[in-house]
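Quick notes on the structure that follows.
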There are 2 protein chains.
Amino acid sequence: MNEALRDRFIAIVGEKNALVAEADVAPHLREWRGYWIGRTAAVLKPASTAEVSAILSLASETGTPIVPQGGNTGLVGGQIPDDTGRAIVLSTSRLDRIRDIDTDGNTLTVEAGAVLQTIQQAADEQDRLFPLSLGAQGSCQIGGNLSSNAGGTGALAYGVARDLCLGLEVVLPTGEVLDDLNRLKKNNTGYDLRDLFIGAEGTLGVITAAVLKLFPKPRGRAAAFVAVPSPEAALALFRAARAAAGPSLTAFELMARMGIAFTLRHVAGTRDPLAAPHDWYVLMEISSGRSEEDARVQLDALVEAGFEQGLVLDGTIAESEAQRLALWHLRESMSESQIPEGGSIKHDISVPVSSIPGFLEKADRAVLDIVPAARLCPFGHMGDGNLHYNVSQPEGWDRQRFLAMTGEVTAAVHAIVTEMDGSISAEHGVGQMKRDKLAEVKSSVALDLMRRIKTAFDPAGIMNPGKML
Amino acid sequence: MNEALRDRFIAIVGEKNALVAEADVAPHLREWRGYWIGRTAAVLKPASTAEVSAILSLASETGTPIVPQGGNTGLVGGQIPDDTGRAIVLSTSRLDRIRDIDTDGNTLTVEAGAVLQTIQQAADEQDRLFPLSLGAQGSCQIGGNLSSNAGGTGALAYGVARDLCLGLEVVLPTGEVLDDLNRLKKNNTGYDLRDLFIGAEGTLGVITAAVLKLFPKPRGRAAAFVAVPSPEAALALFRAARAAAGPSLTAFELMARMGIAFTLRHVAGTRDPLAAPHDWYVLMEISSGRSEEDARVQLDALVEAGFEQGLVLDGTIAESEAQRLALWHLRESMSESQIPEGGSIKHDISVPVSSIPGFLEKADRAVLDIVPAARLCPFGHMGDGNLHYNVSQPEGWDRQRFLAMTGEVTAAVHAIVTEMDGSISAEHGVGQMKRDKLAEVKSSVALDLMRRIKTAFDPAGIMNPGKML
């Protein structure tokens with residue numbers, strides 16, 4: 001990019017809100033695990049929708065690629081520019097105001113750069129719950145959560161990001177502002193533009209603000225960490241728990257022993273809640289609108305019935321909020337604890353819930369056929385049919401030797417997913433990582449409609465090029 | 001349409017599934033209240049997705065307008081062709097198979113022509129709930145419910161039709177079939193095409209099948225019909241009920257006395273559940289995942305607290321399922337009972353819940369300024385901020401004299417809605433009725449995006465022309 005043009009971009013946000021020095025832009029150009037690294041002409045930090053509009057307007061006029069970026073916690077490279085250095089990174093971090101909270105309508109209106117945890121806390125202060133919850137919540141931003149249609153552990157009872165949003169403010173590639181900050185639960189006046197931008201990974205426009213749904217805050221929560229003999233037993237336990245607790249069952253997470261072993265080995269302060277190791281674990285949680293005691297009584301009954309039916313081998317129920325958080329800490333350390341174990345080939349898949357045991361059996365066999373000593377670390381949101389099917393390198397192997405097999409391993413896993421009518425990207429999105437795989441899993445009819453939408457909204461192709469499509 | 005072309009269309013479905021005689025087509029050409037009457041070249045009843053595809057393919061080739069029609073229960077004329085007689089009416093009534101029920105994944109896959117009540121019953125037989133519920137459920141079809149994004153009384157706890165659908169099969173204007181019968185809760189592989197077709201009123205393609213979400217069936221339900229002193233009191237009661245019951249509060253309906261009086265007068269077998277008349281009523285319902293008794297205990301506590309705080313003046317709690325249904329019958333007779341009272345000017349509005357009392361005060365004043373003896377019959381889904389703000393003609397007036405004032409009355413009501421950030425079509429859609437009003441309530445940016453989508457999907461403009469856009 002020539003200096004004159006760059007200066008025009010910088011002038012929009014002011015020099016102190018534009019990063020150009022190598023050390024300053026570096027954190028915005030590197031995916032946090034180091035999988036993707038890009039280059040940029042400048043990182044701009046607009047503080048208002050008007051500034052975002054001015055940036056896109058100039059980008060449109062000059063054909064400059066724009067890469068929107070939130071907390072840079074994405075897992076598929078959607079937030080990282082390519083290596084040409086032509087793109088402007090548009091960071092939403094200064095657009096972080098909570099504009100409004102309506103406790104009658106149960107809505108919270110917020111700008112794209114607000115950190116998820118800040119939003120959770122703001123809701124909590126008004127005795128409300130914003131249920132989107134995921135590992136990166138301390139740094140991810142709501143604009144990125146919506147652009148990638150984030151899932152997480154709260155989806156079982158409350159749905160994914162899409163289900164938690166009523167309205168959006170979006171700056172289009174031309175710089176025009178779509179003000180659709182709808183706060184209404186029912187509003188049937190035209191095509192659903194909101195849901196097009198949600199999950200579009202910044203390829204159709206920049207989300208600058210959103211109206212989120214709030215929920216009554218549970219009066220009590222109880223969590224149990226139980227060992228189960230097999231994924232089949234976990235499925236039976238899930239069926240029983242959902243039948244008994246209905247929407248009060250707010251989490252049902254499956255974990256293989258390998259991930260727990262890694263966590264106990266590498267994450268300070270963790271300990272095995274059970275006396276002996278087991279192959280499979282479930283973390284389940286009950287939320288009650290009535291009381292702590294009520295949640296606890298329901299959970300006790302579920303675990304006890306599980307024992308009686310041989311679905312639970314051992315288990316512990318958190319006796320305090322600190323213990324409950326410690327159980328969750330085990331679950332949420334699962335990604336981090338894989339890092340020191342070397343290379344990891346990761347999959348974010350979903351299948352119909354009833355197919356989870358069959359998927360695990362087939363996928364394990366297929367992976368071990370390719371890499372007999374691979375260490376299998378599947379874990380995730382079993383109640384949503386969504387697993388992070390991660391495979392760590394054999395002990396003693398060279399990291400690169402293992403990662404060189406990614407294509408083969410992933411092809412085998414994805415083939416099983418596709419055969420089971422599953423998804424190869426349940427909650428992380430497409431980004432750079434899965435763009436080329438899209439043609440394998442989407443019909444040509446669907447891809448053609450997506451391309452028509454992209455062309456209709458962004459004819460010059462300046463919005464996050466090279467991502468998704 | 002020339003006979004040769006008509007014969008080509010008829011050949012696709014076979015003569016006995018094509019209606020052409022005036023008496024046969026008449027029921028498909030008249031909106032059920034008689035507000036819109038159209039003409040057609042033929043009504044076709046395809047029995048498979050392949051036949052729908054062949055019809056649209058031929059329509060595309062010959063530029064023939066297609067009007068998709070379900071149960072013909074829509075309230076905005078979206079299902080009725082214009083009066084040129086050029087259009088083919090594509091009735092989905094023979095596409096009525098339930099293809100699959102998955103009680104682990106809690107999904108039901110069904111064709112577009114299945115009647116809503118049939119789907120509710122199929123779910124019920126599997127000990128599941130399909131919560132979409134509305135007055136026309138005995139004849140409306142799920143394809144129409146999705147195309148119009150229906151709301152109804154279950155939306156408070158379970159959401160509108162859009163929230164209850166995971167995947168779609170859609171025939172595009174070209175005849176191509178989009179097979180997106182996704183059964184997964186989490187699937188982030190591309191733009192959200194599903195939500196574009198939901199609520200598009202058949203202007204982008206024909207929905208031929210859908211995957212619906214099922215829910216655990218409540219173990220018990222309890223309903224109360226209470227008199228409240230004012231809409232403000234109803235709002236305070238709603239706040240208290242939602243705070244106490246959370247997602248167990250599954251209905252909160254507001255009704256003015258006028259509608260109840262009409263119902264008692266015209267609907268056989270109804271009686272006033274309370275000893276004396278009151279200005280305002282609330283029908284509220286609690287569903288429990290535990291037991292009938294549990295639902296009853298919660299509801300008793302709410303009504304009692306309402307009495308103590310002066311929010312409830314009188315009330316009755318259903319003592320049996322028959323009584324519960326009788327209370328609901330009062331609410332659901334509200335539309336029908338207005339018919340014998342003469343002309344009615346109808347509005348389907350939503351505003352933020354906290355604005356409901358203010359809206360009623362302003363709208364009543366505005367309407368009575370125009371027609372001082374008008375009889376106000378507002379009722380509806382207060383918990384969703386959605387009211388059917390209906391106005392019946394003054395006693396003794398000529399029907400036409402009153403209906404001639406529709407434009408003036410509606411403009412006044414809609415102006416108040418718009419000022420309150422509300423919607424002029426909360427759950428009925430746009431159709432023919434509100435097409436010209438769309439420009440008043442949508443921004444030019446939103447309308448422009450809608451037109452770009454329409455052009456990208458249906459460049460020849462054959463899909464339900466004259467509706468919505």
Side-chain angles (χ1 to χ4, degrees), chain A residues 102 104-105 148-149 151 155 160 163 172 176-180 183-193 195-196 198-200 216 239 242-243 245-248 289 350 352-354 384-386 421-430 438 441-443 445-446 449-450 452-453 456-457 468, chain B residues 102 104-105 148-149 151 155 160 163 172 176-180 183-193 195-196 198-200 216 239 242-243 245-248 289 350 352-354 384-386 421-430 438 441-443 445-446 449-450 452-453 456-457 468:
Chain A
D102 172 357
D104 282 319
S148 62
N149 189 26
V160 296
D163 302 310
L172 303 181
E176 290 170 297
V177 179
L178 175 69
D179 176 359
D180 186 23
R183 294 197 290 151
L184 306 167
K185 183 157 183 183
K186 294 180 172 176
N187 183 4
N188 279 347
T189 51
Y191 299 154
D192 179 12
L193 302 173
D195 284 309
L196 260 187
I198 296 175
R239 285 178 179 140
R242 201 183 42 191
S248 299
S350 66
V353 178
S354 54
D384 297 321
N386 173 203
D421 289 331
S423 171
I424 64 161
S425 185
E427 58 175 13
H428 295 166
V430 178
L438 218 52
V441 297
K442 302 293 272 192
S443 68
V445 176
L449 287 179
M450 285 173 59
R452 286 193 237 170
I453 292 168
F457 279 48
M468 184 174 282
Chain B
D102 173 356
D104 282 319
S148 62
N149 189 26
V160 296
D163 302 310
L172 303 181
E176 289 170 297
V177 179
L178 175 69
D179 176 0
D180 186 23
R183 296 197 288 150
L184 307 166
K185 184 157 181 181
K186 293 181 172 176
N187 184 3
N188 280 347
T189 51
Y191 297 155
D192 179 13
L193 301 173
D195 284 309
L196 259 186
I198 296 175
R239 284 178 181 142
R242 199 182 46 189
S248 300
S350 66
V353 178
S354 55
D384 297 321
N386 174 202
D421 289 330
S423 170
I424 64 161
S425 185
E427 59 176 12
H428 296 165
V430 176
L438 218 52
V441 297
K442 301 292 271 192
S443 68
V445 176
L449 287 179
M450 284 173 61
R452 286 193 236 170
I453 292 167
F457 280 48
M468 186 177 278

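In what follows, chains are A, B, ... by sequence order, proteins preceding strands, each numbered from 1.
At least one side-chain heavy atom of L196(B) sits less than 4.5 Å from a side-chain heavy atom of L196(A).
For a residue to count as touching a neighbouring chain, one of its non-hydrogen atoms must lie under 4.5 Å from one of that chain's; by this rule M450(A) touches chain B with backbone and side chain alike. Contacts between V160(A) and chain B at a heavy-atom distance below 4.5 Å involve the side chain alone, from C-beta outward. Neither the backbone nor the side chain of S248(A) comes within contact range of chain B; no heavy atoms are under 4.5 Å apart. For chain B, the nearby parts of D195(A) are the backbone and the side chain; heavy atoms of each come within less than 4.5 Å. For a residue to count as touching a neighbouring chain, one of its non-hydrogen atoms must lie under 4.5 Å from one of that chain's; by this rule L178(A) touches chain B with backbone and side chain alike. With a threshold of 4.5 angstrom between heavy atoms, R239(B) approaches chain A through side-chain atoms but not through N, CA, C or O. When heavy atoms are compared at a cutoff of 4.5 Å, N386(B) approaches chain A solely by way of its side chain, counted from C-beta outward. In this structure, chain B has heavy atoms under 4.5 Å from both the backbone and the side chain of E427(A).
Remark: the backbone N or O of T189(B) is paired with a side-chain donor or acceptor of K442(A) at under 3.5 angstrom. Between the N188(B) side chain and the N149(A) main chain, a donor and an acceptor come within less than 3.5 Å of each other. Between the side chain of S350(B) and the backbone N or O of K186(A) there is at least one donor-acceptor pair closer than 3.5 Å.
Top candidate by heavy-atom pairs under 4.5 Å with chain B, chosen from A446(A), A245(A), A243(A), G199(A), is A446(A). Chain B forms the most heavy-atom pairs under 4.5 Å with one residue out of G105(A), A456(A), A426(A), and that residue is A426(A). Of the listed residues (G246(A), G289(A), P352(A)), the greatest number of heavy-atom pairs within a distance under 4.5 Å of chain B belongs to P352(A). When the candidates K185(A), H428(A), E176(A) are compared by the number of heavy-atom contacts under 4.5 Å with chain B, K185(A) comes out ahead. Looking only at heavy-atom pairs under 4.5 Å with chain B, the residue among G385(A), S354(A), P216(A) that has the most is S354(A). Between chain B and the options V430(A), N187(A), V353(A), V177(A), the largest number of non-hydrogen pairs under 4.5 Å is found for N187(A).
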Pair L193(B), I453(A) - check side chain to side chain contact (heavy atoms under 4.5 Å, CB included), show working. CA-CA 10 Å; L193(B) 301 173; I453(A) 292 168; 3.6 Å; yes
For side chain to side chain contact (heavy atoms under 4.5 Å, CB included), just list the numbers for D179(A) and S443(B), CA-CA rounded to whole Å, side-chain angles, deciding distance to a tenth of an Å, and then say yes or no. CA-CA 8 Å; D179(A) 176 359; S443(B) 68; over 6 Å; no
Checking L172(B) against L449(A) for the side chain to side chain contact (heavy atoms under 4.5 Å, CB included) test, could you report, in this order, the C-alpha distance in whole Å, the side-chain angles of both residues, the deciding distance, and whether it holds? CA-CA 10 Å; L172(B) 303 181; L449(A) 287 179; 3.9 Å; yes
